[in-house]
Amino acid sequence: MTGALELGLPMRRPRAGLPERVTVWEVGPRDGLQAEPTALEPAVRAELIRRLAAAGASVIEAGSFVRADRVPQMARSAEVLAALGDLDARLPVLTPNPRGLQDAIDAGAREVAVFLSATETFSRANLGASMADAEAAAEEVVRTAVDRGMRVRGYVSMVFGDPWEGAVEPDASARLSERMLAWGVAEVSLGDTIGVATPGAVADVIAAHAARGVPVDRLALHMHDTYGQALANVYAGLEAGVRIFDSAVAGTGGCPFARSATGNLATEDLLWMLDGLGIEHGMDLSAIAGTGDWLSAELGRATTSRVARALAGGKEAR
Ligand code: MG
């Protein structure tokens, strides 16, 4: 071993065979905040996004064009976009239906995302539609957006397991991904909505996609840390060639419709591992951690990021 261990910085030991560079897709301002009990005003959400961009985040999910009575945390997302017109970052927004898409277009959105569930029960509980009806609605949104030259991301929820249906077959998500790519989505983000995946399951799901001709460079991984497996699952994804990873600053979020789900993988924790592996991502861990501290104060709750807690403890100890 060479080099001193500097407290507050990860040990840097690159591994051969992993991607040299990845995209960290920051979902905190949308997926994170939509599940927090405290609803933040649009101006505060815009400030969060500015801080994330200043810390190097290049893709930041900025809001959701859904019914405000269903998801009050995402109300007035148009005002968030309006406050960020000059920002040098991609700002995708969630548009679950044609009405939401039109509202997003009117608000100046250039990138949108749609959701499908890999299980029937969650589709009905979360999307309020059968899988078949949800697919038809999503297809309409995707095709309309693509026709307008917008970049569209597809999400699949409950890729690995579902609290009602148990383990989910890897091909269930692969089938949906194949369809969404045929409609014109740029990539599909595979969501471990309740955080039950383990690394072998990640490898199996990516293999199931390959078997349907879905290339790994069209996939993103969206892991939750419910059982502490999120980073192990990211590592399995890196080994399989995935180069897009979703995370939320301060580990905000979870899933309001899924029992026992806890937060998204914290961006701070993801960056610590990527920095340790020498994988480029364009973000500044220290600045992201500062943003997480600021957000946690705004939300009045403790961060779930282990890295943020360790860094804060280190400061107290010195
Ligand atoms: Mg999530």
Side-chain angles (χ1 to χ4, degrees), residues 23-40 45 48-49 52 57 59-64 66 70-71 73-74 77 91-96 112-119 122-123 125-127 153-163 168 173 176-177 187-198 201-202 205 219-234 237 242 244-271 288 292 295-296 299 301 303-306:
T23 298
V24 173
W25 190 290
E26 173 61 49
V27 297
R30 197 278 302 169
D31 188 40
L33 294 187
Q34 77 176 11
E36 290 291 329
T38 302
L40 300 180
R45 282 141 58 194
L48 168 62
I49 292 166
L52 290 165
V59 192
I60 308 165
E61 279 197 358
S64 191
V66 291
R70 267 203 102 195
V71 190
Q73 296 92 333
M74 290 293 103
S77 282
L91 301 173
V93 295
L94 188 64
T95 55
V112 294
V114 299
F115 258 94
L116 291 175
S117 167
T119 69
F122 188 71
S123 185
N126 189 36
L127 305 174
R153 161 180 258 210
Y155 277 101
V156 182
S157 296
M158 299 294 179
V159 166
F160 300 93
D162 169 304
V168 175
S173 57
L176 294 176
S177 299
E187 89 233 327
V188 177
S189 175
L190 302 173
D192 184 15
T193 312
I194 55 171
V196 292
T198 48
V202 172
V205 161
L219 298 178
L221 286 178
H222 183 111
M223 310 313 299
H224 283 200
D225 210 25
T226 318
Y227 296 94
Q229 306 298 298
L231 279 180
N233 292 332
V234 166
V242 175
I244 309 170
F245 296 94
D246 299 359
S247 63
V249 65
T252 48
C255 176
F257 300 98
R259 277 176 295 144
S260 82
T262 50
N264 290 296
L265 168 61
T267 305
E268 297 91 321
D269 297 3
L270 175 60
L271 297 188
I288 287 289
L295 175 61
S296 298
L299 290 170
R301 52 92 117 188
T303 183
T304 65
S305 164
R306 300 288 288 266

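Whatever order the structure lists ligands and atoms in, that order sets their numbers, starting from 1.
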*Kindly report the NE2-the Mg ion (ligand 1)-NE2 angle for His224 and His222 respectively, rounded to 10°.*
100°
*Which atom names give the shortest non-hydrogen contact between Ala250 and Arg301, and what distance separates them?*
O-NH1, 3.5 Å
*Could you tell me whether the Mg ion (ligand 1) has an N, O or S atom of Asn264 under 2.8 Å away?*
yes
*asked:* Could you check whether Arg30 makes a cation-pi contact with Phe115, meaning its NZ or CZ is under 6.0 Å from the centre of the six-membered ring and within 45° of the ring axis?
replied: no
_N, O or S atom within Asp31 nearest to the Mg ion (ligand 1), by name_ = OD2
*asked:* Quick one, Asp269 with Leu231, criterion side-chain contact (heavy atoms from CB on, under 4.5 Å). Give me CA distance, side-chain angles, the key distance, then yes/no.
replied: CA-CA 8 Å; Asp269 297 3; Leu231 279 180; 4.3 Å; yes
*asked:* Test of understanding: with side chain to side chain contact (heavy atoms under 4.5 Å, CB included), list the residues that count as partners of Ser123, not counting sequence neighbours.
replied: Ser117, Leu127, Met131, Ala134
